Amino acid sequence: MLSDTFQNTSSPLLAQLNEEQYRAVALPAEHALILAGAGSGKTRVLTTRIAWLLQTSQVSPGGILAVTFTNKAAKEMKLRLQSMLPVNVNAMWIGTFHGLCNRFLRAHYQLAGLPQTFQILDTQDQLSAIKRLCKQFNVDEDRFPPKQLQYFISGCKEDGQRPGDVTVRDDETRRKVELYQLYEEQCQREGVVDFGELMLRSYELLRDNVHVREHYRRRFRHILVDEFQDTNKLQYAWLKLLVGLPGEGSEGAILAVGDDDQSIYAFRGARVGNMADFVREFQVQHQIKLEQNYRSYSNILDSANHLISHNKTRLGKTLRTTQGAGEPVRVVESPSDFAEAQWLVEELRQLVKQDGFERKEVALLYRSNAQSRVLETALFNAGFPYRVYGGLRFFERAEIKHALAYLRLMENPNDDTSFLRVVNFPPRGIGARSIEQLQDAARVAGCSLHDAVSATTGKAGANLAAFVAMIDVLREQTEGMTLREIIDLVLDKTGLVNHYRAEKEGADRVENLEELVNAAESFVTQEGFGRSAVALPQALSQSPASQGLNMNVTASEARQSISESPRLFGSREDGDDVNEFSEDGVIMSPLAAFLTHASLEAGDNQAQAGEDAVQLMTVHASKGLEFDAVFITGLEEGLFPHENAMNDFDGLEEERRLMYVAITRARKRLYLSHSQTRMLHGQTRYNLKSRFLEELPEECLKWVTPKNAGFSNLGSSSGGGFGGGGAWGQTPAQNRHARPAWGQSSLSTETYKSPPLPVQKAEPEHGISAGKNVFHNKFGEGKVLAVEGTGTDARAQVNFPRHGVKWLALSVAKLTVV
DNA sequence: GCCATGCTGCTTTTT
DNA sequence: GCAGCATGGC
């Protein structure tokens, strides 16, 4: 029956789909969940679904909203869609959660209580704003580290909590909430929003404004959500508001696509549970599993399936392929991380020379960034081309942020974060003291730093006045200029370029600034607008509050004003004539649009096209990518699974999913590599091989090095028993300064790292070595996983059946071998 | 205002 | 082991 429809379809769009993909694409307009396994054609299904809906006239472009997590995914979706049918993708709302929220808030800035020119703080900006706040309110930064406050604030927002919503149980939380409140006030005063705020404010506007909510509910008939397993609490709540639960009389349908087995972002608030909640709350009748994998040979796939089957909490899914078994998965052991890197380089050479792999089709994956160094060194020394993903991206570079800060100040003089970034950069004789005085003046006057300048006096005052005048003059001068001209002028007049030209090591930075001009240029040509027209749409330009910055409009006042400006809504239902930057009516200047672009899109990690280099990245970064050959390195207990994650059940399951993601990146060949010793935090560590290696099907593997090589005598060469002298004899006094090794993340007070002491040459005398069973007074019997360090530095990692895995300082913990 | 030195902390990351 | 930052000296 189904296959009849399948065969009879007249649309070439659907012809290339397999049956399960077809069923997903041609689902009725009702809520549905697609469980899309790795390499199962998820993006194809999403885009074909949209194309099919449009082609069969079930919806007009304006009725589509598709949301992703990364700009890359959104771009990809638009691109594929455009290749499928002639459609103006800008009429649809396709973008990241934050991108769409930005679009939404730009259109309703008044209702959201924001100035029209609101700027977006990225993570760096947010942190510096918090630091500034802490200084201003004399916060003890030892008790409340700004980083931790940032984490707290972002966490609250991701849970949809305003300061008033947070449950306060202790003084510490009370203070944090206070600071959260102050931070919010600061942001509002300065006309800036952080990433969390984009989401939360959109959510609140939908929640509190029935007109807006109804408008969008009527408009969006099909909502498609990519990577649903990565949504956090707020994002899911946002979706619920946008669409409305069954019984709320709304007509939109959500198609959620996700893979619980690839949920690897719990640490940043992702809730896999949203998948089950979605099915329940939206009474989902249609669930489809995409299990046909088009990527890998079956040895690779079976390994992935077998591994992930060790997880208890899954929705359940098994990937299959019609490709053959392929090569076995190679498992390799090295004596050290250094040797591992050496071996890798050799193997890579062979792979390219003899086996005909392209370098850019090979990936070296690792659990944590710190592991890349030794690999890079080896590759560099061997002259082997490589590219490392991660690290600073284009718009995050200091020189770029400086340039952007000037541009932002021109747009929004109240942006104190930007003001402080460049007020004395390049140096112009404005020191810390004058800035402090200015900050005091601004505080007293309750105005921005920019506005407070006029009240300053003396020499410092003159310098400040000159700075502000420069910004103001630039703003006037650049009116009507093209974006390129604006940036050129700013780079010149502010002295930024000259500053870096004069610097010995500044060549790269100058180059990057030139690249910024190029980026602006291509932004303008790509997005198709040149002059800095500041035309406002009718409804907005007639509204009195749209003149200037309406920062004094409170959110509640703004909410009321909706009834006075009904023309904000309706009439543009189809949005066919709307382009990306007119934000459904609000036409932004090219500069404003470019600044938004810069904050929301930190820039691809510039994987330069055409460059044939082996790719180095974390497993996290590899999600969504695929390669002919993949090396997963550092497969050791403590590293992968990471020691911070293996103490609790959920953590371990997430690590396993991470491993699953890593394995499923490989098309043809997969290497799994581990090392007996590894340099970490400046110490050599002796790690057992990862448990994940034991969780793979033996018949798919080929142990290139003997399976249990090397471990037997590691660390067990201790001469004289134990319990006598040496480490055991240390007096407690020597451990007075012992402290938890991993700060707040360590729940176990038994985890100690002793203060550095002169290196002792003596072999360990404690008699503890990997593999032995030991007894601890409190934890009972456990198995030693690893031992590191010597003398008072010696630590053992022990797995206690009832208390989990712990690191114990041997000079503190009383361990006896049983 | 700039540079040197010392101290701390240390998984994963997108927007 | 090493980066990133804060502090302190000139």
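Remember, it's a predicted structure, so these values are computed and weren't measured experimentally. Order of the sequence lines sets the chain letters (A, B, ...), proteins ahead of strands, with each chain counted from 1.
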According to the Watson-Crick and G-U wobble definitions, with both distances under 3.5 Å, which nucleotide is paired to B:dT11?
none
Would you kindly give the NE2-to-P distance between A:His499 and B:dG1, to the nearest whole Å?
13 Å
Please determine, for the side chain of A:His681, which listed nucleotide (B:dT15, B:dC10, C:dA3) has the closest atom?
B:dC10
Rounded to whole Å, please give me the gap between CD in A:Gln124 and C1' in C:dC5.
14 Å
A:Phe104 vs A:His108 aromatic rings, parallel, tilted or perpendicular, using cut-offs 30° and 60°?
perpendicular
Please work out whether the ring planes of A:Phe152 and A:Tyr180 are parallel, tilted or perpendicular, with thresholds of 30° and 60°.
perpendicular
When you measure from the side chain of A:Arg268, which nucleotide among B:dT15, C:dA6, B:dT13 comes out closest?
B:dT13
Does the base of B:dT13 carry an N or O that pairs as donor and acceptor with the side chain of A:Thr618 under 3.5 Å?
no
Which whole-number value in Å describes the distance from A:Leu127 CG to C:dC5 C1'?
11 Å
Backbone N/O of A:Ile430 and side chain of A:Ser434: donor-acceptor pair under 3.5 Å:
no
Determine, stepwise, if the pair A:Lys42 / A:Asp226 fulfils salt bridge (charged side-chain N to carboxylate O under 4.0 Å, His left out).
CA-CA 9 Å; A:Lys42 175 195 69 168; A:Asp226 192 17; 3.2 Å; yes
A:Ile430 near the nucleic acid: base, sugar-phosphate alone, or nothing, with a heavy-atom cut-off under 4.0 Å?
sugar-phosphate
So, do A:Ile632 and A:Ser673 sit near enough that their side-chain heavy atoms are less than 4.5 Å apart?
no
Could you tell me whether A:Asp194 contacts a base, only the sugar-phosphate backbone, or nothing, with contacts defined as non-hydrogen atoms closer than 4.0 Å?
nothing
Ignoring backbone atoms, test whether A:Arg393 places a side-chain nitrogen or oxygen under 4.0 Å from the OP1 or OP2 oxygen of B:dT15.
yes
Exercise: do A:Asn412 and A:Arg408 side chains pair donor with acceptor under 3.5 Å
no
Given B:dT13, B:dT12, C:dC2, which nucleotide is nearest the side-chain atoms of A:Arg373?
C:dC2
Would you mind classifying the nucleic acid contact of A:Ser599 as base, sugar-phosphate or nothing, using non-hydrogen atoms under 4.0 angstrom?
nothing
Which nucleotide in B:dT15, C:dG1, B:dT12 has an atom nearest any side-chain atom of A:His620
B:dT12
Value in whole Å for how far the P atom of B:dT13 lies from CD of A:Gln126
18 Å
Remember a base hit wins even if backbone is also touched, and classify A:Ala602 as base, sugar-phosphate or nothing at under 4.0 Å, heavy atoms.
nothing
Just call it for A:Phe97: base, sugar-phosphate, or nothing, with non-hydrogen atoms closer than 4.0 Å on any strand.
nothing
What's A:Glu655 touching, base or sugar-phosphate or nothing? Going by heavy atoms closer than 4.0 Å.
base
B:dG1 P sits how many Å from A:Glu436 CD, rounded?
12 Å
Starting at CZ of A:Arg367 and ending at C1' of B:dT13, how long is that distance when rounded to a whole Å?
11 Å
Residue whose closest nucleotide on DNA chain B lies nearer the 5' end, A:Ala621 versus A:Asn424:
A:Asn424
Check this one for me: any side-chain N or O of A:Asn369 less than 4.0 Å away from OP1 or OP2 of B:dT12?
yes
Under 5.5 Å between ring centres and under 30° between planes: does that hold for A:His642 against the base of B:dT11?
yes
Taking the six-membered ring for Trp, does A:Phe267 stack with B:dT12 (centroid gap under 5.5 Å, planes within less than 30°)?
yes
Quote, to the nearest angstrom, the P distance that separates B:dT12 from C:dC5.
16 Å
When you measure from the side chain of A:Gln148 to the backbone N and O of A:Pro145, does any donor-acceptor pair fall under 3.5 Å?
no
Quick check on B:dT11: syn or anti? Syn means the glycosidic torsion is within 90 degrees of zero.
syn
Whole angstrom value for the distance that separates P of B:dT12 from CG of A:Asp648:
18 Å
Can you check the A:Met659 CE to B:dT12 C1' distance for me, whole Å?
16 Å
Measuring only the C1' atom in each nucleotide, how far is B:dT14 from C:dA3? A whole number of Å is fine.
23 Å
So what does A:Met199 touch, heavy atoms closer than 4.0 Å: a base, only the sugar-phosphate, or nothing?
nothing
Considering heavy-atom distances to DNA chain B, does A:Ile264 or A:Phe69 have its closest nucleotide positioned more toward the 5' end?
A:Ile264
